[in-house]
Asker: 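My questions all concern the structure below.
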Amino acid sequence: MKYVSTRNSNIKYSFEEIFFKGLADDGGLFIPENFYKLSKDEILKFSKLSFQEISEFIFSKYTGETFKKDELNQIINNAYKNFRCQKIVDVKKYKNINLVQLFHGPTLAFKDIAMQVLGQMYNNLLIKNKKKINIITATSGDTGAAAINAFKDNEKINIFVLHPNNKISDVQRKLMTTTASKNVFNIAINGNFDDCQNLVKEMFVDSIFSKKINMSGVNSINWARIVAQTTYYFFVYAHFAKSNNDLIFSVPTGNFGDIYAGYVAKKMGLPIKKLVIATNKNNILERCINSGEYKPQKVNESLSPSMDIQVSSNFERVLYDYFKKDENKIKTIMNDLKFKGLFNIEKNILNKIKEDFDATCCDDSETCKIIRDFYDYNQIIVDPHTATALKISNYQDYKNKQIFVLETAHHCKFPIAIKKSLNKEIDFPNFLNINNSEEKFEVIENDIHSIKNYILSKI
Ligand SMILES: *Cc1c(COP(=O)(O)O)cnc(C)c1O
């Protein structure tokens with residue numbers, strides 16, 4: 001299996017190369033030359049396999065020569081050994097709503113499912129290559145915690161996580177800052193999430209600095225994260241919905257990573273009828289699907305902060321498919337985005353996109369109402385991200401259809417949203433044991449030199 005960039009298909013890469021690079025040098029995203037196609041029979045046989053076995057099977061089709069069979073087996077099994085649910089992912093049914101619980105990992109959000117695999121893969125490759133790396137990432141909450149948990153206590157890796165000072169929930173902060181591990185460095189930036197992200201980007205493009213420290217990134221454009229996430233789409237079908245050949249998935253969406261994994265599963269042969277892009281008031285994708293215009297606006301803070309995004313990076317990957325792998329077209333629209341602040345998708349292509357995708361948008365007051373209604377009917381509390389994905393079930397076209405809603409986080413991570421919706425105080429579960437642990441983080445000004453000096457002093 002070889003990989004190319006969405007902006008240049010002349011250069012071919014191995015899995016290992018794209019794993020370490022993350023983003024292509026030309027600014028494009030890596031994609032396999034072709035998706036691996038599964039037969040109907042192969043997919044049905046997944047009903048006899050565990051989550052780990054399905055994951056291993058799928059990864060083996062994408063990792064090429066990078067790992068031997070027993071190495072891949074060890075990577076996957078180690079990745080999931082700390083999950084609190086033996087099945088890894090479970091599905092709970094409430095009439096026609098099927099909640100796909102993706103939050104049984106160590107930091108209570110779906111990001112653990114892929115990040116734990118990345119941690120094991122880095123470990124394997126760094127030992128083999130005798131390399132050390134420094135991972136630097138910005139977070140609005142969940143990514144940072146998942147990454148810290150996956151990379152802590154690893155001698156080959158230092159991880160630096162930048163979060164906006166005083167702008168994430170106590171729970172989210174504590175999940176990151178109570179790790180007593182020597183290779184974890186939390187930095188609270190006096191600024192907002194965009195400032196954190198810009199600082200990280202600035203360090204990446206400073207090739208002298210990034211080469212000097214062997215810098216690596218783990219954000220959601222990494223192809224390995226996408227592959228890890230396709231697993232639960234197959235798992236849900238094989239274990240919970242075998243007879244349903246018109247699957248509908250509704251997915252809380254920000255950077256388009258999670259839902260893109262569903263699209264990949266469909267391309268690989270899974271009978272998915274519709275993927276519903278659920279957004280909060282930062283609804284760039286909903287506007288795009290319904291009007292054809294992709295135009296980022298200012299980011300608005302919402303009750304579902306992990307979806308407060310205006311540029312959905314992974315969207316470039318599906319567009320590449322709909323544009324029939326025309327890299328020049330991708331380059332043109334990405335230039336338009338950069339210099340004109342928007343691009344437009346033609347009607348005929350938009351209609352094709354709408355065959356696969358639908359889109360909704362949900363503001364904070366609707367989010368609270370959905371949490372309240374779902375609790376009233378089912379006595380189950382859903383988190384505010386998941387709530388946005390429940391909205392579609394009220395639409396005429398979807399009423400009475402079986403809908404699989406990805407439950408991307410445990411509600412206890414978002415006590416403020418729950419208090420607003422249900423007037424209930426939510427305790428943090430005791431099994432996490434972080435309430436009284438000492439927090440460790442450095443507050444640093446929003447200034448590139450201060451950050452670089454801090455990082456250099458720690459490695
Ligand atoms: C990251 C995140 C999302 C958005 O996922 P994308 O892959 O960025 O679209 C949704 N919900 C929660 C809880 C998240 O942490």
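Whatever order the structure lists them in is the order used to number ligands and atoms, beginning at 1. For clarity, every value in this text was computed on a predicted model and none was experimentally measured.
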Asker: Hey, which of Phe46, Phe57, Tyr80 is the one that makes ring-ring contact (aromatic ring centres under 6.0 Å, His included) with Phe51?
Answerer: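 It is Tyr80, the one option of Phe46, Phe57, Tyr80 that forms the ring-ring contact (aromatic ring centres under 6.0 Å, His included) with Phe51.
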Asker: Considering the heavy atoms of Pro252, write down every atom of ligand 1 situated less than 4.0 Å from one of them.
Answerer: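 It comes down to these atoms of ligand 1: 4 (C), 10 (C).
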Asker: Counting distance only, does the side-chain N/O of Glu53 pair as donor-acceptor with the main-chain N or O of Ser50 below 3.5 Å?
Answerer: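 At least one qualifying donor-acceptor pair exists.
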Asker: Touching ligand 1 at all, Phe110? Heavy atoms, strictly under 4.0 Å?
Answerer: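 Phe110 counts as a contact of ligand 1 under the 4.0 Å cut-off.
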Asker: Side chain or backbone, does Phe414 bring an N or O within less than 3.5 Å of an N or O on ligand 1?
Answerer: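 No; the residue has no nitrogen or oxygen that sits under 3.5 Å from a nitrogen or oxygen of the ligand.
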Asker: Any Lys/Arg nitrogen of Asp90 or Lys92 sitting under 4.0 Å from an Asp/Glu carboxylate oxygen of the other?
Answerer: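 Yes, Asp90 and Lys92 are salt-bridged.
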Asker: May I ask you to check whether over 12 heavy atoms, not counting those of Lys369, lie within 6.0 Å of atom NZ?
Answerer: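 No - once you tally the heavy atoms of other residues, nucleotides and ligands closer than 6.0 Å, there are 12 at most.
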Asker: For Thr253, take its heavy atoms, then give the atoms of ligand 1 lying under 4.0 Å from any of them.
Answerer: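 Per the distance check, 9 (O).
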Asker: For atom 11 (N) of ligand 1, grab the closest protein heavy atom and report residue, atom and distance to one decimal in Å.
Answerer: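 Checking every protein heavy atom, the shortest distance to atom 11 (N) of ligand 1 gives Thr408 OG1, 3.0 Å.
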Asker: On the ring face of Tyr322, is Lys352 found with NZ or CZ under 6.0 Å from the centre and within 45° of the axis?
Answerer: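 Negative - Lys352 is either too far from the ring of Tyr322 or too far off its axis.
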Asker: Hey, which atoms in ligand 1 end up nearer than 4.0 Å to a heavy atom of Ala409?
Answerer: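 Near Ala409, the atoms of ligand 1 are 13 (C).
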Asker: Closer than 4.0 angstrom, basic N to acidic O: yes or no for Arg287 and Glu293?
Answerer: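 No, Arg287 and Glu293 are not salt-bridged.
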Asker: What about Tyr13 and Phe30, are their ring centers closer than 6.0 Å?
Answerer: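 Yes: the rings meet the under 6.0 Å criterion.
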Asker: For the aromatic rings, using the six-membered ring if either is Trp, is the centroid distance between Tyr233 and Phe249 under 6.0 Å?
Answerer: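 Between Phe249 and Tyr233, which both carry aromatic rings, the centre distance is below 6.0 Å.
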Asker: Less than 4.0 Å between a side-chain N and a carboxylate O, is that true for Lys21 and Asp25?
Answerer: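 Counted as a salt bridge, because a side-chain N and a carboxylate O are separated by less than 4.0 Å.
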Asker: Would you check the N or O atoms of His385, main chain and side chain alike, for any that come under 3.5 Å of an N or O of ligand 1?
Answerer: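 No.
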Asker: May I ask you to list the atoms of ligand 1 that are less than 4.0 angstrom from any heavy atom of Asp258?
Answerer: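 So the answer, numbered in order with elements, is 7 (O).
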Asker: Would you mind listing which atoms of ligand 1 come within a distance below 4.0 Å of any non-hydrogen atom of Lys111?
Answerer: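 Contacts of ligand 1 toward Lys111, numbered from 1: 1 (C), 2 (C), 3 (C), 14 (C), 15 (O).
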Asker: If you measure every N/O of Met307 against every N/O of ligand 1, is any gap under 3.5 Å?
Answerer: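 The answer is no, given that Met307 and ligand 1 share no N or O pair closer than 3.5 Å.
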Asker: Of the protein's non-hydrogen atoms, which lies at the shortest distance from atom 6 (P) of ligand 1, and what is that distance?
Answerer: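 For atom 6 (P) of ligand 1, the nearest protein heavy atom comes out as Asn255 N, 3.6 Å.
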Asker: Relative to atom 4 (C) of ligand 1, which among Ser312, Ser304, Gly254 owns the nearest non-hydrogen atom?
Answerer: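 Looking at heavy atoms only, the winner is Gly254.
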Asker: Using a 4.0 Å cut-off to any heavy atom of Gly257, which atoms of ligand 1 qualify?
Answerer: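 It comes down to these atoms of ligand 1: 6 (P), 7 (O), 9 (O).
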